[in-house]
Amino acid sequence: MTSKYIALPKSVTEKVFDAAINDFRSVLGDAAVLISAEQLAPYIKTMMPVSDAEHAPSAALLATTVEQIQKIVGICNRYKVPIWTISTGKNLGYGSAAPAERGQVVLDLKRMNRILEVDKDLAFALVEPGVTYQQLDDYIKEHKLGLWLSMPAPSAIAGPVGNTLDRGVGYTPYGEHFLFACGMEVVLANGEVLRTGMGSMPNSNTWQVFKWGYGPYLDGIFTQSNYGIVTKFGFWLMPEPPAFKPFVIQYEYEEDIVEIVETIRPLRISGVIPNAVVIAHALYEAPVKARRSDYVSGPGSIPDEAVYRIMKDHKLGIWNVYAALYGTQEQIDVNWKIVTQAFGRSGKAKILTEQEAAEDPAFVYRAKLMRGEMTLTEFSLYNWRGGGGSMWFAPVSQARGSETLKQMALTKQILAKYGLDYSGEFIVGMRDMHHIVDVLYDKTDPEQTKAAYQCFDELLTEFSARGYGTYRVNTAFMDKVAETYGPVQRNVHKTLKKALDPNGILAPGKSGIR
Amino acid sequence: MKETRLGGAFVVFGFMLVIFFPAINHAWSAQEEKLSAGFAWKDGAEIYAKICAYCHEAQVGPPIRNRELPISYIRTIVRNGNRAMPSFRSSEIDDESLTKLADFISKTEAQH
Ligand SMILES: Cc1cc2nc3c(=O)[nH]c(=O)nc-3n(C[C@H](O)[C@H](O)[C@H](O)COP(=O)(O)OP(=O)(O)OC[C@H]3O[C@@H](n4cnc5c(N)ncnc54)[C@H](O)[C@@H]3O)c2cc1C
């Protein structure tokens, strides 16, 4: 017998699911409960090297109010139906809008998208999950609030709630997003509504200005987790500075990453360079300007010799350090002197500003990211291999030159074994660097897809064997990464899960937690 | 858009599902915000400018305007994605707005 569903939740019969769907419909109306293959198509596409069927949802629910969500979790508890919550649902390269496990119901909060408050003086925002960076940017500009956003490279189509809940990053001085989160409203699995921090106190007006509240700080347990459904989210915004000076520093040799990191770390820790910097490899920047097929053909990873030709042809360094100064012109002048002296010392660095690089498309989009201006230019990465396959490999490194070099060399070596290129960058940190590598492959090519899967698996194995942990991973590898952090942390995660969600209805499998 | 209130309707529901909601929190019902409505697209041009153009007018994706692409093809690609192009859900671009967007993209007119 063919089912009317494209998938069913684990251990839920079609009859039970029918009943759950009926109840969902009575809460949301028929139009907001999606079950047909056509309606669910956008939730199925992922960039991961596994069959999309493994992550096909059974349904999607378009909720718009807290009250509806409370009712939905009630229904889920009754029928033991698991839901996978997304906000703007653009977790591209980490699982997109698809659930961790086949058959989970996607709770899609994109239409719950009111900007509840933006305070110009205290420079904070309180928003619902479906608000995109574009929507917030338009609002800020329309109301002339003089505030800047920090957003990830998919800017316009992604949003602050989903991005920060997955502990994502941006490129302004507020680039480590969860550092700037302040107050959440969370629907718990039992239907209770928790406001974290100062928000727990009725009539408090300090919810978005003081993070810690009283007693154990709870916000962290709702990030990269499945302990609740965040329905409101507060965060701080950066006042627009009077002046802004983006720059790029180029280096010619891969070993120069040591000098770069050693030079930049003290400048970052002391705050001379305030923003989340990027140290991008030539192959991360090349797709904005060059086509891979113009330099290599056939299988295998791109040879170093071709990378050097790309560098020369397209005015790239092998490393391209993007950073910026913010403040009054006087402040910028003082700090610029410190930066140029520090980087000028060895004679290896080529320092470029808007004056020299205003026409350079890589510089242009990087400068936009560093001032929170919408751009999707980084999607050029997907023209490199074509075929739409991508996984972010994201180990954390100390901000120490020798360490970043070691990580780069190991990554490159493992990628090469599988015929894949090193499209990598080091980003964000003061004391750490997120080492971000886009494992690009052609998902329409079964051989390359298989190689990409094995390659990613080996990257995780080899890195964890050396004590290098991953900060975030796609839904196909969440269990594997959870395992690398050891049994005690896994047990604590599980204990919390049991206490907060005894029926396991919220996003089972997220970060390996069930 | 309807405001969030944990009032009447919910009490009835809470009664029905009392086993699953041991301690419904009503603390916020009194202080729910007076709010603006949620976001809605104005027209096809707006969607194009605020989503599509970032790639399709920036040499990231191919040009798609003024090519008389069939409406049904545009709808399919938007909903299913295409290789590296992400799919867009009806929660992001509702069906009605998608029709306007497809219309905007496919019809030939001088760009301004
Ligand atoms: C070219 C490219 C560049 C990228 N660059 C960056 C970058 O610079 N920085 C970066 O961080 N990422 C980057 N990404 C990855 C990703 O696209 C972004 O992180 C994006 O912001 C995540 O999608 P989203 O904001 O729509 O969040 P969503 O997809 O809505 O949410 C992400 C996850 O958070 C959880 N979640 C979401 N909402 C809730 C909720 N209400 N309650 C509980 N849990 C919830 C879910 O597990 C969900 O899967 C990039 C991707 C691409 C393709």
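As a basis for the values below, the full set of heavy atoms in this structure was taken, side chains included, without hydrogen atoms, waters or symmetry mates. What you see is a predicted model, and the numbers here were worked out from it, not measured in a lab. Below, read A as the first sequence line, B as the second, and so on, with proteins coming before strands; counting in each chain starts at 1.
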_chain B contact via A:Ala32 - side chain, backbone, both or neither, heavy atoms under 4.5 Å_ = neither

*Distance from B:His56 atom NE2 to A:Leu376 atom CG, nearest 0.5 Å?*
10.0 Å

*Which bit of A:Thr132 is near chain B, if near means a heavy-atom gap under 4.5 Å: side chain, backbone, both or neither?*
neither

*Is it true that a side-chain atom of A:Asn113 and a backbone atom of B:Phe39 form a donor plus acceptor pair closer than 3.5 Å?*
yes

*Who among A:Leu92, A:Thr375, A:Thr88 has the most heavy-atom pairs with chain B under 4.5 Å?*
A:Thr88

*asked:* Quick one, A:Asp138 with B:Lys50, criterion side-chain contact (heavy atoms from CB on, under 4.5 Å). Give me CA distance, side-chain angles, the key distance, then yes/no.
replied: CA-CA 10 Å; A:Asp138 288 345; B:Lys50 297 202 165 160; 2.7 Å; yes

*Identify which part of A:Ile86 has an atom lying under 4.5 Å from any heavy atom of chain B, answering side chain, backbone, both or neither.*
side chain

*Structural part of A:Leu109 lying under 4.5 Å from a heavy atom of chain B*: neither

*Shortest non-hydrogen contact from A:Pro42 toward B:Ser87*: O-OG, 2.7 Å

*Is there a donor-acceptor pair under 3.5 Å between the side chain of A:Lys45 and the backbone N or O of B:Arg83?*
yes

*Mind ranking A:Glu38, A:Gln68, A:Met374, A:Lys443 by heavy-atom pairs under 4.5 Å with chain B and telling me who comes out on top?*
A:Met374

*Under a 4.5 Å heavy-atom cut-off, does chain A meet the side chain of B:Asn82, its backbone, both or neither?*
backbone

*Identify the residues of residues 377-387 of chain A whose heavy atoms come closer than 4.5 Å to a heavy atom of chain B, ordered by number, or report 'none'.*
A:Thr377, A:Phe379, A:Ser380, A:Tyr382, A:Asn383, A:Gly387

*Considering only NZ, NE, NH1 and NH2 on the basic side and carboxylate oxygens on the acidic side, decide whether A:Arg111 and B:Asp94 come within less than 4.0 Å.*
no

*Examine distances only and state if a side-chain atom of B:Arg89 and a backbone atom of A:Ala41 form a donor-acceptor pair shorter than 3.5 Å.*
no

*Flag the pair A:Ile157 / B:Phe88 as yes when at least one side-chain heavy-atom distance between them is below 4.5 Å, and no otherwise.*
yes

_Quick check on the interface: out of A:Thr46, A:Asp108, A:Leu62, who has the most heavy-atom pairs with chain B under 4.5 Å?_
A:Asp108

*Check B:Ser91 against A:Tyr43 and note the closest heavy-atom contact, atom names and distance.*
OG-OH, 4.0 Å

*asked:* Holding to side-chain hydrogen bond (donor to acceptor under 3.5 Å, both in side chains), I want the full list of residues that pass it with A:Asp501, two or more places apart in sequence or in another chain.
replied: A:Lys497

*Determine which pairs satisfy salt bridge (charged side-chain N to carboxylate O under 4.0 Å, His left out) with at least one residue from residues 85-94 of chain A, sequence neighbours left out, and list them in order.*
A:Lys90-B:Glu92

_Once ring pair (Phe, Tyr, Trp, His ring centres under 6.0 Å) is applied, do any residues pair with A:Tyr139, and if so which ones, sequence neighbours excluded?_
A:His143

